Amino acid sequence: MERDEQYAAYGEDDQAARTARDAATARRREADPFTGGEANGESGDSGSDSGSENNPEKPRLRLFNGDRVLWIIITALAVISVLVVYSSTAKMAYDAHTARTTAHFLRQQVMILVVSLVIMVAVQKIDCRIYNYFARPVYLLSVLATVAVYFIGATTNGAARWIPLGPFQFQPSEALKVATVLFLAQQLAARQSRIDKIRIVPSLKFWSWRRSAAQRKIWREGTWPILMPVVAACAVIFPAHTSSAVLVFLASWVMMLIGRVRFGELLKLLGLAAAGIVVIMTLNLGRSETAEGRVSTWIHLWTRSQTEKPIEHLTDTERSMIAIYNGGILGQGAGQSAMRVEMIHPESDYAYAFFVEEYGIILSVALLMLYLWIFFRAIEIFRRCGTAFPGLLVLGLALLITCQALLHIMVTVNLIPETGQTLPLISRGGSSVLFTTIALGMILSVSRQNDEQSHERPRGETLYER
């Protein structure tokens, strides 16, 4: 439009204006996906002369592209993370068995945040077609790494979750959560032109799978490409981290719903999942015994009076509720928490309760709103995509982050049993922070391409196609 106005001002004809627009479009398409060049960067100032056509202005390079509101939310969460970790680790710093100080944990968290945010900036410069291209190998590598944990990983509290990498520990299940969303978005997007005709749940008569042509078709078109990646991810995560497997399943189910998988198939999937949980609990597979104990404790807290229980017998959930009560409206003040010395993991599993105690209910509600705001910004980004893969990717990743935050918060107020889920981008931990920022970087990448209008639009890959 700017080119049209310039040429109109100088009396050029319509053919010259069309030629200028075509040249601008060609420059935008040739932009390197790793540079994040802007779609409109070629427009000159209104006072430029006609010679600018021969010497077009180079696209402006910006470090922070994409949704500005999302950048503000990420910055706020990173600052809160530093405050929470610095104060909540005082108990660990002054432990008689360690010579560490609070500055040690502060430096460690700041280093993790800086490295993760740098990676996020790099990720948001990459175009979606690169994510699409690497979705399958990234998913397969993440599955293999998660399986490898059970053989070479470090075990803590009866769960093998980490692979030691020198002074650091890597948790592959965090990578697998993001990789599953990425791969599922690719598979759903590739089938949008016929997704409402595809069945993903085969018959329970497994003996007919090989004999029946209809069942073979279901496996070929729906079960293998769409359902089995989710089942495989949940299966390898489940033995060590049950709640993460449930989180992946729920996010994937919602993605299938948004991706227009037949609702009847999704209802069957829920029924099979419920039946699977009953079988797992009955056979005591994975960490079923731990999960059963947590559910029993949760029911006990709701059905029996706890007023006479000595403080040394309180569960972490009860201590977190005391911390929330102590916080009141305005909180005890930064560094003034009393329950941090009583809770086992105030810096990770109960970071939200610790934040309430020190900063009060008002700021804690604002923190909750930040996580919900991430999801609402993702919805806005999704609406502007116009094609399936980036839209499903954005919503899936936002669901992972927001649902994990809600699970964490619900545990602290005893609405659900303990899960061990951290508070995204705030709780102390390397793998969780790293892959949360990678997920946010992908969302920002899609937002950047929305602004540039540089999404590829493959035929038959729109969520609105019928």
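Because the structure is predicted, anything quoted here is derived from the model rather than measured.
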Would you find more than 12 non-hydrogen atoms of other residues, nucleotides or ligands less than 6.0 Å from W224 atom CH2? no
Determine the minimum heavy-atom distance between I200 and L227, stating which atoms define it. O-CD2, 3.4 Å
Side-chain ion pair, R377 and E380, N-O less than 4.0 Å: no
Using 0.5 Å steps for rounding, measure from the CD atom of E357 to the CD1 atom of I361. 11.0 Å
Criterion side-chain contact (heavy atoms from CB on, under 4.5 Å) on L434 and I438, from CA distance to verdict: CA-CA 6 Å; L434 173 62; I438 288 176; 4.2 Å; yes
How long is the span from the CG atom in N65 to the CD atom in Q449, to the nearest 0.5 Å? 10.5 Å
side-chain contact (heavy atoms from CB on, under 4.5 Å) partner of I443, the single match among V394, D67, I74: V394
How are the rings of F183 and Y139 set to each other: parallel, tilted or perpendicular (split at 30° and 60°)? parallel
Evaluate F354 against E358 for side-chain contact (heavy atoms from CB on, under 4.5 Å), listing each step before the verdict. CA-CA 6 Å; F354 172 82; E358 291 205 343; 3.3 Å; yes
Using only atom types and a distance under 3.5 Å, with no angle test, would you say the side chain of R260 pairs donor to acceptor with the backbone of I195? no
Shortest non-hydrogen contact from I374 to L440? CG2-CD2, 4.4 Å
Nearest heavy-atom approach of I324 to T412 is CD1-O, 3.7 Å
Are L269 and F249 close enough, and set up right, to give a side-chain contact (heavy atoms from CB on, under 4.5 Å), and what steps lead you there? CA-CA 10 Å; L269 188 56; F249 175 81; 4.0 Å; yes
Could you give the distance from CG (N132) to CG (L182), rounded to the nearest 0.5 Å? 8.0 Å
Measuring from L184:CG to L392:CG, what's the distance to the nearest 0.5 Å? 7.5 Å
May I ask you to check whether over 12 heavy atoms, not counting those of R216, lie within 6.0 Å of atom CZ? yes
Could you report the tightest heavy-atom contact between K197 and R262, atom names first, then the distance? O-NH1, 3.8 Å
Set out, in order, the CA-CA distance, both residues' side-chain angles and the distance that settles side-chain contact (heavy atoms from CB on, under 4.5 Å) for L301 and E318, then state yes or no. CA-CA 8 Å; L301 292 177; E318 291 174 293; 3.2 Å; yes
W373 atom CH2, neighbour heavy-atom count above 12 within 6.0 Å: no
Over all heavy atoms of both residues, which pair between A388 and Q192 is shortest? Give the atoms and the distance, please. CB-CG, 3.6 Å
For L425 and S81, work out which heavy atoms get closest and say how close. O-CB, 3.2 Å
For the side-chain contact (heavy atoms from CB on, under 4.5 Å) test, which of S116, S432, P424 pairs with T437? S116
Rounded to the nearest 0.5 Å, how far apart are OH of Y371 and CD of Q404? 8.5 Å
Expected output: side-chain T89 to main-chain V85 donor-acceptor under 3.5 Å: yes
Hey, is D451 close enough to R448 for a salt bridge, meaning N to O under 4.0 Å? no
S427 and Y352: side-chain donor and acceptor closer than 3.5 Å? no
Dump the intermediate steps for side chain to side chain donor-acceptor pair (under 3.5 Å) on R428 and Q109, then the final yes or no. CA-CA 7 Å; R428 178 173 173 262; Q109 186 69 5; 5.4 Å; no
Y86 side, atom OH; Q108 side, atom CD - distance, nearest 0.5 Å: 15.0 Å
Report the relative orientation of the aromatic rings in F170 and F435; use parallel for angles under 30°, tilted for 30 to 60°, perpendicular for over 60°. tilted
